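Have a look at the structure below, then the notes.
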Amino acid sequence: MDKLTLNYVWERIPVVLRRTGRGQRLRVRLPFAEANRQWLQNDRRTSPIWIAGKKYWELPKAWFNDFY
């Protein structure tokens, strides 16, 4: 692994990206599956959004503190 860049990591392993801008959501790089949607939602009211073109989930930023 000679190139440990953000793109290299983003494309190959599950990643949580916490963006700091107002109104920006968490981005979670995890494959699409209904089981993954349910796991990410964890009985919360809001459902995660799958961004198909970019292949990541978007979650409310407030979930970051409980995300583990």
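Keep in mind it's a predicted model, so treat the numbers as computed, not measured.
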Legend entry - Interatomic distance, Asp43 atom CG to Gln38 atom CD [nearest 0.5 angstrom]: 9.5 Å

Legend entry - Atom of Asn36, atom of Pro31 and distance for their closest heavy-atom approach: ND2-O, 2.6 Å

Inset, instruction - For the residue pair Arg37 and Glu34, establish whether any side-chain heavy-atom pair is separated by less than 4.5 Å. - result: yes

Inset, instruction - Can you measure from CH2 (Trp63) to CG (Asn42) and round to the nearest 0.5 angstrom? - result: 8.5 Å

Inset, instruction - Test Trp57 against every option in Ile49, Val16, Leu30, Ile51 by the side-chain contact (heavy atoms from CB on, under 4.5 Å) rule and name the one that passes. - result: Leu30

Inset, instruction - Working to the nearest 0.5 Å, report the span between NZ of Lys61 and CZ of Arg18. - result: 6.5 Å

Legend entry - Within-4.5 Å side-chain heavy-atom neighbours: Trp50 and Glu58: no

Inset, instruction - Flag the pair Arg29 / Glu11 as yes when at least one side-chain heavy-atom distance between them is below 4.5 Å, and no otherwise. - result: yes

Legend entry - Leu17 vs Tyr56 side-chain heavy atoms within contact, under 4.5 Å: no

Legend entry - Exercise: identify the closest heavy-atom pair between Pro60 and Leu26: O-CD1, 3.6 Å

